[in-house]
Protein chains: 2
Amino acid sequence: MSKIKETSTNFENKIFLNECDQIFAASLIAGQWTLVICCHLTTGKLRFGELKKRIPTITERMLTLQLRKMEEGDLVKRTVYAEVPPRVEYELTKSGQELSPILKQLGEWGKNHRKTRNAEKSCTTHKVLAQ
Amino acid sequence: MSKIKETSTNFENKIFLNECDQIFAASLIAGQWTLVICCHLTTGKLRFGELKKRIPTITERMLTLQLRKMEEGDLVKRTVYAEVPPRVEYELTKSGQELSPILKQLGEWGKNHRKTRNAEKSCTTHKVLAQ
DNA sequence: CTGTATCCTATTTGATACTG
DNA sequence: CAGTATCAAATAGGATACAG
């Protein structure tokens with residue numbers, strides 16, 4: 001990458017271009033339950049009821065909404081079997097699986113970041129006092 | 001990691017443990033403007049007004065709110081200079097900088113994912129028709 | 001079993017005006 | 001310059017009941 005003056009419009013545009021994909025990606029994993037669902041599906045396909053059981057605090061409404069959103073974003077694949085009683089299975093798409101290692105890194109970062117923060121908190125009390 | 005039966009509660013707990021850090025991390029980068037700000041700060045410290053100029057569509061209110069949230073999350077450091085007129089500079093913390101490469105990967109994934117989706121869309125029209 | 005429909009609350013964001 | 005204050009709009013999320 002050649003050097004660009006930091007004041008040039010082009011320089012700023014390069015940054016924005018990069019942003020857009022990140023923001024697009026972030027919008028796909030946004031939502032209270034998306035990552036939770038993602039995580040459970042990394043180990044394989046699951047039925048609606050199985051997901052519900054693994055995430056006891058989610059309501060059926062939210063599970064449906066989130067799964068629909070993830071389906072729309074091509075993160076999960078929904079397979080309906082024409083049986084009685086109905087059976088519907090959810091699994092990560094190829095893209096969804098490719099996201100997993102990145103999310104794992106994000107988790108690692110989160111773990112370390114949390115540690116660092118706690119370590120700092122025990123030294124400096126001004127934040128607590130400010131409350 | 002030793003093998004655990006997939007039906008055991010422990011197995012599910014392991015997944016949940018992993019989730020938590022991810023969700024914690026996600027909550028820190030959530031918000032309409034967080035990633036945009038993050039991105040601009042990767043190239044160095046910026047003043048309030050400079051950020052505002054680089055993100056023309058953000059309101060001062062939102063810029064303030066997001067920066068405060070990111071400060072609270074220890075992603076950015078805020079430095080106030082006792083000058084007239086006032087000068088305040090924002091920069092990524094060490095943790096914030098460590099997040100950058102992960103966000104870059106997320107952006108790469110987003111770019112590819114977007115491509116894949118568009119390619120699929122041009123072949124299959126049922127989704128468009130369903131609308 | 002796998003969802004929908006309805007109603008309601010909480011949180012987030014935006015518009016605009018004002019301040020030390 | 002770097003914010004606050006206030007009000008309004010939009011969006012996300014939850015509780016509950018019901019349906020194919």
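Letters A, B, ... are given to chains in the order of the sequence lines, protein chains preceding strands, and every chain is numbered from 1.
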Phosphate OP1/OP2 of [N] contacted by [X] side-chain N/O (<4.0 Å):
X	N	value
B:Gln66	C:dT12	no
B:Gln32	D:dT11	no
A:Arg87	C:dG3	no

Can you check the [X] [atom1] to [N] [atom2] distance for me, whole Å?
X	N	atom1	atom2	answer
A:Ile55	D:dG14	CD1	P	12 Å
A:Leu65	C:dG3	CG	P	12 Å
A:Ile37	D:dG13	CD1	C1'	13 Å
A:Lys53	C:dT2	NZ	P	9 Å
B:Leu51	D:dA2	CG	P	10 Å
B:Leu63	C:dA15	CG	C1'	16 Å
A:Ile58	C:dG3	CD1	P	13 Å
A:Glu71	C:dG3	CD	C1'	13 Å

Measure from the side chain of [X], starting at C-beta and using heavy atoms only, and say which of [options] lies closest.
X	options	result
B:Phe48	D:dA2, C:dG3, D:dG14	D:dA2
B:Pro86	D:dG20, D:dG3, D:dC1	D:dC1
A:Arg68	D:dG14, D:dG3, C:dG3	C:dG3
A:Val88	D:dA2, C:dC1, C:dG3	C:dG3
A:Glu60	C:dT4, D:dG13, C:dC1	C:dT4
A:Pro85	C:dG3, D:dG3, C:dC1	C:dC1
A:Met62	C:dT2, D:dG14, D:dA2	D:dG14

Worksheet item: Is B:Tyr81 touching bases, backbone alone, or none of the nucleic acid, heavy atoms closer than 4.0 Å?
Response: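 If one applies the 4.0 Å heavy-atom cut-off, B:Tyr81 turns out to touch nothing in the nucleic acid.
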Worksheet item: If you look at every strand shown and take non-hydrogen atoms under 4.0 Å, does B:Glu50 touch a base, only sugar-phosphate, or nothing?
Response: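 Nothing: the residue B:Glu50, judged by heavy atoms under 4.0 Å, touches no strand.
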Discussion item. Quick check: on DNA chain C, is the nucleotide nearest A:Arg61 upstream (toward 5') of the one nearest A:Glu89, or the reverse? Name the residue that is more 5'.
Written reply: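 Counting from the 5' end, the first nearest nucleotide belongs to A:Glu89.
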Worksheet item: Do the side-chain N and O atoms of A:Thr34 and A:Gln66 include a donor-acceptor pair separated by under 3.5 angstrom?
Response: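 Yes.
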Discussion item. Would A:Arg47 pass as a cation-pi partner of A:Tyr90, given that its NZ or CZ must be under 6.0 Å from the six-membered ring centre and within 45 degrees of the axis?
Written reply: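 Not satisfied by the 6.0 Å and 45° rule.
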Practice prompt. Begin from the C-alpha positions of A:Lys94 and A:Glu98 and carry the test salt bridge (charged side-chain N to carboxylate O under 4.0 Å, His left out) through to its verdict.
Written response: CA-CA 6 Å; A:Lys94 191 160 177 301; A:Glu98 284 163 8; 3.0 Å; yes
Discussion item. Quick one, A:Glu89 with A:Arg87, criterion salt bridge (charged side-chain N to carboxylate O under 4.0 Å, His left out). Give me CA distance, side-chain angles, the key distance, then yes/no.
Written reply: CA-CA 7 Å; A:Glu89 284 182 344; A:Arg87 178 160 63 103; 3.2 Å; yes
Worksheet item: Same cluster for B:Val80 and B:Val84 if Ile/Leu/Val/Met/Phe/Trp/Tyr side chains link at under 4.5 Å?
Response: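 The answer is no; the residues belong to distinct hydrophobic clusters.
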Worksheet item: What distance do A:Leu28 atom CG and A:Asp74 atom CG have between them, rounded to the nearest 0.5 Å?
Response: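 Between atom CG of A:Leu28 and atom CG of A:Asp74 there are 9.0 Å.
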